[in-house]
Each structure stands twice: as C-alpha cells, then as structure tokens.
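I have placed the structure first, in the form of structure tokens, so that the comments after it can refer back to it.
The chains referred to below are lettered A, B, ... by the order of the sequence lines, with proteins before strands, and numbering in each begins at 1.
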Protein chains: 2
Amino acid sequence: MMRLLNHPPRDSLSLSRVLYALSDPVRLTIVKSIAAQGEQACGTFGLPVAKSTASHHFRVLREAGVIQMRAEGTQYMNSLRREDLDSRFPGLLDAILTAPEPV
Amino acid sequence: MMRLLNHPPRDSLSLSRVLYALSDPVRLTIVKSIAAQGEQACGTFGLPVAKSTASHHFRVLREAGVIQMRAEGTQYMNSLRREDLDSRFPGLLDAILTAPEPV
DNA sequence: CCTATTGTTCTAAAGTTATAAAACAATAGG
DNA sequence: CCTATTGTTTTATAACTTTAGAACAATAGG
C-alpha cells in the first residue's frame with residue numbers, strides 16, 4: 001500500500017517529538033501493546049477509532065521514531081524501536097511503560 | 001495577582017498530560033532551567049515569547065503537575081515537583097532532563 | 001497615595017491536530 | 001482475473017493550542 005516508509009535515523013530523533021507522540025492516549029495504547037506482545041499488525045490493537053484515524057496515529061509514532069513498520073503481505077507489522085530509543089533517550093521508554101495508567 | 005493556584009495532587013497526575021506539557025520546546029526550556037538553577041521567578045527565563053504567552057506555558061506546566069508555583073511579593077517562584085513526579089513516574093523526569101537537546 | 005514591577009486574565013487570530021468518510025493501492029487466495 | 005483483506009491517502013471538519021495585545025490585579029517602594 002505504501003512504497004517508502006520514512007523512519008528517522010536514530011541520531012535525529014527529537015525528544016519533543018517523541019514526547020508529543022507518546023502524549024496521546026490512543027498512541028500510548030499502541031506502544032504499550034507492542035511492548036507487551038511484541039510485533040503486531042495495525043488491525044490487531046482494537047483501537048476505538050476509524051482505520052484512517054488509526055493510520056494517522058501509526059504515522060505519528062513512526063515519524064517520531066517510536067515504532068518501526070514493515071510491510072508483510074497486505075499488512076503492516078509494527079515493532080518498538082527499543083534500541084534506538086534506549087540509546088538516544090536512556091530510561092525514557094521504560095519510565096513511560098512502567099508508569100501507572102489510569103488517572 | 002492570582003488567588004488560587006491549582007496544583008493537582010500527586011496521585012492524580014496524568015502521564016499523558018505530563019508528557020504533553022513537556023513536549024513543547026518552550027516549556028521544556030523552562031523545566032530544564034528550573035532543574036539546573038533551582039527555584040526561579042517567571043521573568044528570569046529569557047523566553048522568546050510575550051509575557052502572556054509565557055504565563056500560558058507556566059499554567060500548562062502547573063496544571064499538569066510538573067511545576068509548583070508560589071507567590072512571593074509581585075513575583076511567582078517556580079520549582080519542580082520532583083518528589084511527586086519521581087514518586088508517581090519513577091525515572092521519567094531524569095530521563096527527560098538528561099536527554100540530548102538539539103536535533 | 002503614586003508609580004513601577006510582575007505576572008494574570010480576557011479576547012481574538014492563526015495554526016495545528018484528531019477525527020472519519022470515501023477513494024485508492026497492494027497483496028493474497030481462490 | 002476477481003474478490004477480500006489490510007491499510008494508506010485525500011479531503012473536510014471540529015476541536016484544541018499557541019500566540020500576543022490590552023486591560024487588570026497585587027505587591028513593593030518611594
């Protein structure tokens with residue numbers, strides 16, 4: 001469905017963009033789900049939004065450098081860019097993933 | 001200038017709100033400055049925005065629970081809610097404060 | 001009191017983002 | 001090929017954010 005997936009290189013990841021990407025509850029849900037279950041296709045998250053909206057959120061996460069997307073058949077598999085994030089922002093992802101969720 | 005400063009209690013701090021508050025470069029500048037220099041009045045940050053805009057940013061940080069503001073004479077002194085943040089989101093603030101800044 | 005200092009609030013404009021419907025694209029499987 | 005599946009892109013809208021000018025409020029200091 002898409003030719004080129006733009007993934008920013010590790011050294012150009014921006015803290016502000018990463019924080020912004022993770023500040024949305026839908027996107028945080030996506031990230032937590034990948035962190036807990038590993039690589040997943042976009043359709044497997046049970047998100048409470050239309051697929052065009054979900055696609056937007058995946059794009060924001062990808063362009064911020066939080067997730068890696070790769071085409072596989074008709075689907076897109078999403079994984080966390082853990083090494084890149086840990087390398088550039090040590091401790092950040094872990095702190096966010098272990099934070100208490102509801103209020 | 002203001003009667004009641006609303007500071008959310010520690011247990012109601014929301015991760016999404018905190019991340020959102022810190023995802024703005026102006027606000028991150030404020031937080032880093034307080035972290036480095038300790039308590040500071042609003043006027044001492046040299047922010048590249050009008051004072052009404054600065055006031056807005058301080059409010060976002062305060063209402064997210066990131067900073068504590070207290071009146072002192074005609075000024076407002078701002079400090080980091082370090083203990084509350086560390087208690088509720090262990091490691092988050094440190095990860096953000098030690099992150100590389102430019103690109 | 002009068003004035004300066006410090007920052008807030010109000011108002012409004014400009015910009016950005018989240019949302020989804022509809023159309024499209026790519027692949028897999030008959 | 002034809003169809004279903006999966007997700008993207010386009011387009012539009014509603015909601016929210018950033019920004020700042022102007023007016024206001026509180027305190028400190030003559």
Side-chain angles (χ1 to χ4, degrees), chain A residues 1-8 14-31 33-34 37 39-79, chain B residues 1-8 14-31 33-34 37 39-79:
Chain A
M1 302 134 181
M2 206 185 175
R3 236 44 200 201
L4 332 156
L5 289 172
N6 280 339
H7 290 95
S14 148
L15 178 63
S16 289
R17 282 176 73 104
V18 169
L19 294 180
Y20 181 78
L22 295 174
S23 75
D24 179 274
V26 172
R27 292 193 291 261
L28 192 53
T29 296
I30 293 171
V31 169
S33 179
I34 301 178
Q37 329 222 94
E39 200 180 42
Q40 285 179 81
C42 297
T44 66
F45 293 87
L47 301 175
V49 294
K51 64 179 181 174
S52 55
T53 301
S55 188
H56 161 72
H57 287 307
F58 284 105
R59 195 219 280 235
V60 171
L61 287 170
R62 174 167 45 79
E63 292 184 342
V66 177
I67 64 172
Q68 170 83 223
M69 295 176 78
R70 68 179 177 87
E72 181 163 305
T74 62
Q75 20 188 52
Y76 271 79
M77 299 304 293
N78 302 278
S79 55
Chain B
M1 303 137 178
M2 204 183 175
R3 233 58 205 186
L4 331 156
L5 290 172
N6 280 340
H7 290 95
S14 149
L15 178 63
S16 289
R17 282 177 73 105
V18 168
L19 294 180
Y20 181 78
L22 295 174
S23 75
D24 180 274
V26 173
R27 292 194 291 261
L28 192 53
T29 296
I30 293 172
V31 169
S33 179
I34 302 178
Q37 330 223 95
E39 200 179 43
Q40 287 179 79
C42 296
T44 67
F45 293 86
L47 301 176
V49 294
K51 63 179 180 173
S52 55
T53 301
S55 188
H56 160 72
H57 287 306
F58 283 106
R59 197 220 281 234
V60 171
L61 286 170
R62 173 167 46 79
E63 292 184 343
V66 176
I67 64 173
Q68 172 82 223
M69 296 176 77
R70 68 181 177 86
E72 181 163 304
T74 63
Q75 15 189 57
Y76 271 79
M77 300 304 293
N78 301 278
S79 55

Nearest 0.5 angstrom please: [X] [atom1] to [Y] [atom2], how far?
X       : Y       : atom1 : atom2 : result
A:Phe58 : A:Leu47 : CZ    : CG    : 5.5 Å
A:Ser14 : A:Glu63 : OG    : CD    : 12.5 Å
A:Gln75 : A:Gln40 : CD    : CD    : 11.0 Å

Residue [X], side-chain atoms from C-beta onward, closest of [options]:
X       : options                : answer
B:Tyr76 : D:dG7, C:dG7, D:dT17   : C:dG7
B:Thr74 : C:dA18, D:dA20, D:dT27 : D:dT27
B:Lys51 : D:dA23, C:dA20, D:dT9  : D:dA23
B:Gln75 : D:dA20, C:dT6, C:dA18  : C:dT6
B:His57 : D:dA20, D:dT18, C:dT8  : D:dT18

State the pairing partner of [N]; accept Watson-Crick or G-U wobble contacts with both distances under 3.5 Å, and report none otherwise.
N      : answer
C:dA12 : D:dT19
D:dG29 : C:dC2
D:dT13 : C:dA18

Notebook entry, point to check: Is any side-chain nitrogen or oxygen of A:Tyr20 closer than 4.0 Å to OP1 or OP2 of D:dT17?
Noted result: no
Notebook entry, point to check: Within the pair A:Arg59 and D:dG7, is there a side-chain N or O less than 4.0 Å away from OP1 or OP2?
Noted result: no
Check: Can you name the one residue among A:Ile34, A:Val60, A:Ile30, A:Leu61 that meets side-chain contact (heavy atoms from CB on, under 4.5 Å) with A:Val66?
Finding: A:Leu61
Check: Would you say the side chain of A:Ser52 and the base of C:dA21 hold a donor-acceptor pair, judged only by whether the two atoms sit under 3.5 Å apart?
Finding: yes
Figure out the [atom1]/[atom2] separation between [X] and [N], and round it to whole Å.
X       : N      : atom1 : atom2 : answer
A:Met77 : C:dT27 : CE    : C1'   : 15 Å
A:Phe58 : D:dT9  : CZ    : P     : 14 Å
A:Leu61 : C:dT17 : CG    : C1'   : 14 Å
B:Asn6  : C:dT8  : CG    : P     : 13 Å
B:Leu5  : D:dA26 : CG    : P     : 13 Å
B:Leu28 : D:dT18 : CG    : C1'   : 17 Å
A:Ile67 : D:dG7  : CD1   : P     : 12 Å
A:Glu63 : C:dA18 : CD    : C1'   : 15 Å

Item checked: Contact nearer the 5' end of DNA chain C, comparing A:His56 with B:Thr44 -> B:Thr44
Next item on the list: Would you indicate what A:Ala41 reaches in the nucleic acid, counting non-hydrogen atoms under 4.0 angstrom: base, sugar-phosphate, or nothing?
Entry: sugar-phosphate
Notebook entry, point to check: If each of A:Thr53 and B:Thr53 is mapped to the nucleotide of DNA chain D with the nearest heavy atom, which maps nearer the 5' terminus, i.e. the 5' end?
Noted result: A:Thr53
Check: Is a side-chain donor or acceptor of A:Ser55 paired with a backbone partner of A:Ser52 at a separation under 3.5 angstrom?
Finding: no
Item checked: Backbone N/O of A:Met69 and side chain of A:Asn78: donor-acceptor pair under 3.5 Å -> no
